[in-house]
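What follows is a single structure, written as structure tokens, with notes after it.
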Amino acid sequence: MTRDTGRTAYLLLSPLILLYGLLLGGGLMVIVLESLDYIPILERHDVTLSSYQALLQSRGLWRDAFYSVYLAAGASILSTVLGILIADCLLTIKRPRILQAVALKALQAGVILPYLYAVFLTMLLLGQSGLLSRILWQFGLIEGPAAFPELILDRNGIGILFVYVLKGTPFMALLVYNGMASISSTYADAAKTLHASHFFILKKLYIPLCARTIVWASCILFAYALGSIEVPYLLGSIAPASLSARLYSLFIHPDLNRISQAMALSVFLILLGGSLVTVYGLLLKKFLGGRPL
Amino acid sequence: MKKLILLTAAAVLLLPLLLILLLSLFAQYRYPAVLPTHFVSIFWRNILGSPRFYHALSATLLLGVCSGAGTTATALLAARALSRYAFAGRKMASYLVSLPLFIPSAALFIGVHVMMLRFGHSSSFIGVVLAHMLISVPYGTGILLHYYNGIPREMEDAASTLGCGALRRFRRVLLPLLMPGIALSFSISFLISASEYFSTFLIGGGRVQTLTFLLYPYIHNFDRGHAAVLAIIFLILNGLIFLLAECIAKRGARSTRYLFE
């Protein structure tokens, strides 16, 4: 780093700063202002906290918030565990190379698949007249579609979780696989000569060395599940609804007075998301035993 | 055990795609039947015969290319700054790059939407491109930073000593080594752009109609056949982009393993 004047670096970063500053920073600023009922277009210039009051008193807010967090945490934890498991299998399985190749291609297909298609697949698989239900019928295990448990549009959000896990697991597995594959086998060989078990090597060696990647990806999955709209909108129940679905219905509400409430809910979602992602990331890092970031 | 896990994973991901393929070709799918029957081509003919489909296809391609190019250019510059220069706030900056991914997207895109409204309706296409760039740049920067860090500084210094100007140094030394990263960054941004539904719909205000936009009502109404046709076309399109990137990446000197790092 010899020819470093900070100025060149900032110049190189300027498109990114402009993009983030304008859309992220500007967007957040407008959201906060409008949540305070300062909306010049609607001739509202008085700053009040009434939308926050209305928000906090609105029915079912905490139930919905809890539901959102349940979905986000469930989706990211399940995807992370499954992703690490699959990555470990991919890395250590040697014999049928074809299986490794097919599994890799399948994971790549899973990453390519958009969320909207994952929703479609989930309807086809888990709906009451879906594939799973038909297969169970063929084996005589259920009497008809009505006997199949409601897995989509249900209160427990099984269908929603399934979509997030279906999309999150390949993402996590490929990332962790790439991270693990780049770790020199010397460590593992040394551990093996000392009679370390496979699980011990995974837990004490591979996972800590990949902890940064895992935490990063897991936080992304957490935030995505918290903020996605189309998935809970298409597969969710009416109550409890996820916060993002609730936000969207407020946002498109024809009553313009609801705008400031929608913005207040956005602020709430961002604060909740930001703090939870931070806590989740720190806890996960501690749990995985990674080095300080 | 390991084989079983991998087989299950592959089956869960691949078998539904097979079902989708069958659903695009066979119309009758009454309850207890596991697989659909009665071959028809009406779904394919309906989709491929409608002008809306071609509009959506070209809009998807145009959006993806714009977002991919914009993301990759922004990320190239940012990655260079983060890998080659020591400046105040470098560590902070490398974390802040991922920030858009950590904000719940519903709130993030509503922010972008109200911001773009200030620039007027005519900018809806640019708004969608910028919104897609916002969630692609973190990935692009991560990928290119990885590739930049893999290029020894001495190579650039040697080129300078031999009289290469900045532009020539980039073209002759850096570009060939960065090429796989550039291809990957472009294809992932393309993929993200093509997959987005909510931001395209919200910020484009319904005027920017992509393939996912076309698909949404079919899924909402659970119109299996047409949704299946669109799903297959979409997967082929994105698979091709990915294959292209992989081809370019394989030709490059570095490993293709780092799919997302």
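In the text below, chain A, chain B and the rest are named by the order of the sequence lines, each starting its count at 1.
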- Atom NZ in B/K2, atom CG in A/L85: separation rounded to 0.5 Å? 10.0 Å

- Message: Among residues at least two apart in sequence or on other chains, which ones pass side chain to side chain contact (heavy atoms under 4.5 Å, CB included) with A/A264?
- Response: A/S35, A/S51, A/Y52, A/L55

- Query: Quick check, are the ring centers of A/Y10 and B/Y85 under 6.0 angstrom apart?
  - Reply: no

- Item | Side chain proximity check, B/F198 to A/S244, heavy atoms < 4.5 angstrom | no

- Message: Does any part of the side chain of B/I110, heavy atoms only, come nearer than 4.5 Å to the side chain of A/Y248, both counted from C-beta?
- Response: no

- Message: If I take atom CG from residue B/L215 and atom CG from residue A/L116, how far apart are they, to the nearest 0.5 angstrom?
- Response: 5.0 Å

- If we only count heavy atoms from C-beta on, is the A/W216 to B/F102 side-chain gap below 4.5 Å? yes

- Message: Report which part of B/A75 has an atom under 4.5 Å of a heavy atom belonging to chain A: side chain, backbone, both, or neither.
- Response: neither

- Message: I'd like to verify something: which residue of B/I103, B/L96, B/T141, B/V137 has the highest number of heavy-atom pairs under 4.5 Å with chain A?
- Response: B/V137

- Message: Please give me the minimum heavy-atom distance between B/I5 and A/C89, naming the atom from each residue.
- Response: CD1-SG, 3.8 Å

- May I ask you to name which of B/R118, B/M133, B/H220, B/K3 has the most heavy-atom pairs under 4.5 Å with chain A? B/K3

- Query: Say you draw a straight line from CD1 of B/I135 to CD1 of A/I220; how long is it, rounded to the nearest 0.5 Å?
  - Reply: 11.0 Å

- Message: With a 4.5 angstrom heavy-atom cut-off, is it the side chain or the backbone of B/I20 that approaches chain A, or both, or neither?
- Response: side chain

- Item | Heavy-atom contact with chain A under 4.5 Å, split by part of B/L19 | side chain

- Message: I want to check something: taking the side chain as every heavy atom from C-beta on, are B/N238 and A/L113 in contact at a cut-off of under 4.5 Å?
- Response: no

- Leading residue by heavy atom contact count with chain A [cutoff under 4.5 Å; candidates B/I219, B/L202, B/I241]: B/I219

- Side chain, backbone, both or neither: which part of B/L130 has a non-hydrogen atom closer than 4.5 Å to chain A? both

- Please state whether the side chain, the backbone, both or neither of B/L35 comes within less than 4.5 Å of a heavy atom of chain A. neither

- Of all heavy-atom pairs linking B/L6 and A/A103, the shortest is CD2-CB, 4.2 Å

- Segment of B/L14 engaging chain A (4.5 angstrom heavy-atom cut-off): side chain

- Minimum side-chain heavy-atom gap A/L234-B/Y216 below 4.5 Å: yes

- Message: At a heavy-atom distance under 4.5 Å, which candidate from B/A106, B/P138, B/A10, B/S98 has the highest pair count against chain A?
- Response: B/A106

- Query: With a cut-off of 6.0 Å (strictly less than), are more than 12 heavy atoms of other residues, nucleotides or ligands near NE2 of A/H198?
  - Reply: yes

- Relative to chain A, which of B/A131, B/G70, B/A88 shows the most heavy atom pairs under 4.5 Å? B/A88

- Message: With rounding to the nearest 0.5 angstrom, report the CG to CG distance, A/L99 to B/L4.
- Response: 10.0 Å

- Message: So which atom in A/G27 and which in B/V114 form the shortest heavy-atom distance, rounded to 0.1 Å?
- Response: O-CG2, 4.5 Å

- Does some side-chain heavy atom of A/T169 sit less than 4.5 Å from a side-chain heavy atom of B/V12? no

- Item | B/S105 (side chain) donor-acceptor with A/G227 (main chain) under 3.5 angstrom | yes

- Among the listed options A/L131, A/L243, A/L226, the residue most often paired with chain B at heavy-atom distances under 4.5 Å: A/L131

- Note on the structure: The reported gap from CG in B/L13 to CD in A/Q108 (rounded to nearest 0.5 angstrom) is 11.5 Å

- Item | Among the listed options A/F222, A/Y233, A/F120, A/W137, the residue most often paired with chain B at heavy-atom distances under 4.5 Å | A/F120

- A/I229 side chain reached by B/Y197 side chain, heavy atoms, under 4.5 Å: no

- side chain to side chain contact (heavy atoms under 4.5 Å, CB included), paired with B/L77, selected from A/L13, A/L12, A/L16: A/L12

- Query: Given a strict heavy-atom distance threshold of 4.5 Å, which part of B/M1 is in contact with chain A: side chain, backbone, both, or neither?
  - Reply: neither

Show me the side-chain donor-acceptor pairs of residues 222-230 of chain B shorter than 3.5 Å, one per line, residues at least two apart or across chains.
residue : atom : partner : partner atom : Å
B/D223  : OD1  : B/H226  : ND1          : 3.2
B/D223  : OD2  : B/H226  : ND1          : 2.9
B/H226  : NE2  : B/N46   : ND2          : 3.0

- Item | Interchain contact, B/L134 with chain A, by part (heavy-atom threshold 4.5 Å) | both

- May I ask you to test the B/P16-A/L124 pair for a side-chain heavy-atom distance under 4.5 Å? no

- chain A contact via B/Y29 - which portion, at a heavy-atom distance below 4.5 Å: both

- Item | Rounded distance [0.5 Å steps], OH in A/Y20 versus OG1 in B/T74 | 9.0 Å

